[in-house]
There are 2 protein chains.
Amino acid sequence: MTQSTPAAGKDPAGTGPEASVPVPAAASGGPISHAIFRLARLHRMFAGQLLRRIGLHPGQELVMMHLWELGPQRQTDLVRLLDSDAATMTRTIQRLEQAGFVRRRPSPTDKRASLIEPTAASHALRREVEQSWSQLEDLVTAGLSADECTEALSTLERLEQNLVQAAADPTCAAER
Amino acid sequence: MTQSTPAAGKDPAGTGPEASVPVPAAASGGPISHAIFRLARLHRMFAGQLLRRIGLHPGQELVMMHLWELGPQRQTDLVRLLDSDAATMTRTIQRLEQAGFVRRRPSPTDKRASLIEPTAASHALRREVEQSWSQLEDLVTAGLSADECTEALSTLERLEQNLVQAAADPTCAAER
DNA sequence: GGTATTTACTTGTTCGAACAGGTATCTGCT
DNA sequence: AGCAGATACCTGTTCGAACAAGTAAATACC
């Protein structure tokens, strides 16, 4: 926390440009929320750019990584692994299937389910996907020491834990 | 929603190499990237839940906050302020207009542009939106001291800065 | 066995995000 | 003045995310 930008501090009118971080007073009510939002947006954009070259859309690569690693899975398993949505998974699988990266096989034990398995063609992508991930990681952690990385990770996880806990907390009133 | 603990669980040796929790080795290639992804997802979900009650969709509230704060703006200005996309802004404005939160007035000086201004009805939402933002901020920073908040913010901004810089860096080769 | 509930998956919808065009209009340059 | 290029905005498309409903099969219960 040595060279923090004065984002949360002052941003007097007039100077306008603000090339690095656009942060009007609109964000003053939630500087950390806003920072999460901006970081996530940038991060997602980079991931999208990296994935685009290898013919995947953001989100699809996570499905593929799980399939490569764990072998054939039911959609429900993937949903649980990715903490995703069944409807989203249905369409993601459909697109991956149409793209030739995935195949569906009826489950031998459950007529409702089908097993999703990566195709041979998809394995050619595996290295590129993993490479892109580590490239993105390098980008985002540039200039950070190992200790700083650990600390950053712990910070992110702490924030995440706060939200996880809030989701489980009945006082949240965010029930649906 | 129901997300298992990412790092809180100690997960002793056990049997497998990575019998960890939400993601196996798939994330090992980019722990920080993955943490950003998860945090952002949760954060977005919470924001969505809070906004849902007040009749806005995630993203729309940012537009409204800028309009409330800065007064009538052209779409281009909003795009620049939010670092967003012109096409996205067009449709977001259309929906906000249809919802009655925004009005369009032709620009007196530029026949191409129109000025977007918040309606009187929209001002009733302002307090709720700001309240939701600070509520979300409280949620995400729960249990953090002021110092820890500052540090967390600085960490987030540092990661963001890395990506901002990478985007400007020609070695990125991500140019079109 | 027969019914109720849960589970696995699908479809429809709306939304933001991003890319690829397309059309006016404005601006800079000659 | 006239033209090239930039600008402001719109439309079409595909994608993930989330919600709502619905179908079929498995499971639980009586």
Side-chain angles (χ1 to χ4, degrees), chain A residues 37-38 40-53 55-64 73-80 82-99 101 104-116 167 174-176, chain B residues 1 37-38 40-53 55-64 73-80 82-99 101 104-116 174-176:
Chain A
F37 177 82
R38 294 192 318 262
R41 176 192 266 272
L42 262 178
H43 186 263
R44 182 182 177 79
M45 184 178 41
F46 269 88
Q49 275 184 336
L50 290 172
L51 287 172
R52 161 173 277 247
R53 318 179 186 168
L56 290 176
H57 291 267
Q60 297 184 341
E61 94 281 13
L62 293 175
V63 175
M64 293 311 300
Q73 301 281 313
R74 297 178 305 161
Q75 291 191 20
T76 297
D77 298 328
L78 292 172
V79 165
R80 249 191 304 270
L82 300 180
D83 195 26
S84 178
D85 181 85
T88 298
M89 188 55 67
T90 291
R91 284 180 269 246
T92 295
I93 295 299
Q94 284 171 350
R95 284 156 186 153
L96 283 173
E97 185 179 19
Q98 186 178 350
F101 298 139
R104 319 178 67 138
R105 181 169 29 113
S107 165
T109 67
D110 192 331
K111 283 184 183 171
R112 301 169 299 175
S114 55
L115 290 177
I116 315 299
E175 83 298 335
R176 70 133 298 96
Chain B
M1 298 175 98
F37 177 81
R38 292 193 319 262
R41 174 193 266 272
L42 263 178
H43 186 263
R44 181 183 178 77
M45 190 206 318
F46 269 88
Q49 274 184 337
L50 290 173
L51 288 171
R52 160 176 277 249
R53 319 177 185 171
L56 290 175
H57 291 267
Q60 298 183 341
E61 94 281 14
L62 293 175
V63 174
M64 293 312 300
Q73 302 280 314
R74 298 177 305 160
Q75 290 192 21
T76 297
D77 299 326
L78 292 171
V79 165
R80 249 191 302 271
L82 300 181
D83 192 28
S84 179
D85 180 84
T88 298
M89 190 54 66
T90 292
R91 283 180 270 246
T92 294
I93 295 298
Q94 285 172 349
R95 284 158 186 152
L96 283 173
E97 185 180 16
Q98 186 178 350
F101 298 139
R104 320 178 65 137
R105 179 167 32 111
S107 164
T109 66
D110 193 333
K111 282 183 184 172
R112 300 168 300 176
S114 55
L115 291 178
I116 314 300
E175 297 308 317
R176 52 177 55 152

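The sequence lines fix the lettering, A, B, ..., with proteins before strands; numbering per chain opens at 1. Since the model is a prediction, treat every value here as computed from it, not as a measurement.
For A:K111, whose side chain is taken as the heavy atoms from C-beta onward, the closest listed nucleotide among C:dT25, C:dC19, D:dA26 is D:dA26.
Between the axis at the start and the axis at the end of the helix from C:dG1-D:dC30 to C:dT30-D:dA1 there is an angle of 10°, using five pairs per end and rounding to 10 degrees.
With hydrogens and angles ignored, the 3.5 Å screen pairs a side-chain donor or acceptor of A:D77 with a backbone N or O of A:R74. Between the B:E61 side chain and the B:G59 main chain, a donor and an acceptor come within less than 3.5 Å of each other. Using a distance-only test at 3.5 Å, with no hydrogens or angles considered, no donor-acceptor pair links the side chain of B:R112 to the main chain of B:S107. The main-chain N or O of B:Q75 is never found under 3.5 Å from a side-chain atom of B:R80 such that the two would form a donor-acceptor pair.
As judged by a 4.0 angstrom heavy-atom cut-off over every strand, A:S107 is placed among residues making no nucleic acid contact.
Protein atom CD1 of A:I93 is 14 Å distant from nucleotide atom P of D:dC15, rounded to whole Å. Here D:dC15 presents its C1' atom at 11 Å from CG of A:L96, a figure rounded to the nearest Å. One can place CD of B:E61 at 15 Å from P of C:dC15, the figure rounded to the nearest angstrom. B:M64 places its CE atom 17 Å from the C1' atom of C:dG16, with the value rounded to the nearest Å. Taking atom CG on A:L78 and atom P on C:dT10, their separation rounds to 12 Å, with Å as the unit. Between the P atom of D:dA18 and the CG atom of B:L51 lies a distance of 14 Å, rounded to the nearest Å. One can place CG of B:L56 at 12 Å from P of C:dC15, the figure rounded to the nearest angstrom. The distance between atom CG of B:D85 and atom P of D:dC15, rounded to the nearest whole Å, is 17 Å.
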| message | I need a per-nucleotide contact map over nucleotides 4-14 of chain D, read 5' to 3'. Cutoff is protein heavy atoms under 4.0 Å; write B for the base, S for backbone only, - otherwise. | response | ---BSSBBBB-
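Side-chain N/O atoms of A:Q60 include none lying less than 4.0 angstrom from OP1 or OP2 on D:dC15.
Legend: residues meeting side-chain hydrogen bond (donor to acceptor under 3.5 Å, both in side chains) with A:R95, ordered by chain and number and at least two apart, are absent.
For the atom pair CG of B:L78 and OG1 of B:T88, the computed distance is 12.5 Å after rounding to the nearest 0.5 Å. Rounded to the nearest 0.5 Å, atoms CD1 (A:I116) and CE (A:M89) are 9.5 Å apart. To the nearest 0.5 angstrom, B:R91 atom CZ is 8.5 Å from B:D85 atom CG.
Both A:T109 and A:S84 lie near DNA chain D, and the one whose nearest nucleotide falls closer to the 5' end is A:S84.
The two residues B:L115 and B:P108 have their closest heavy-atom pair at CD1-CD, 4.2 Å.
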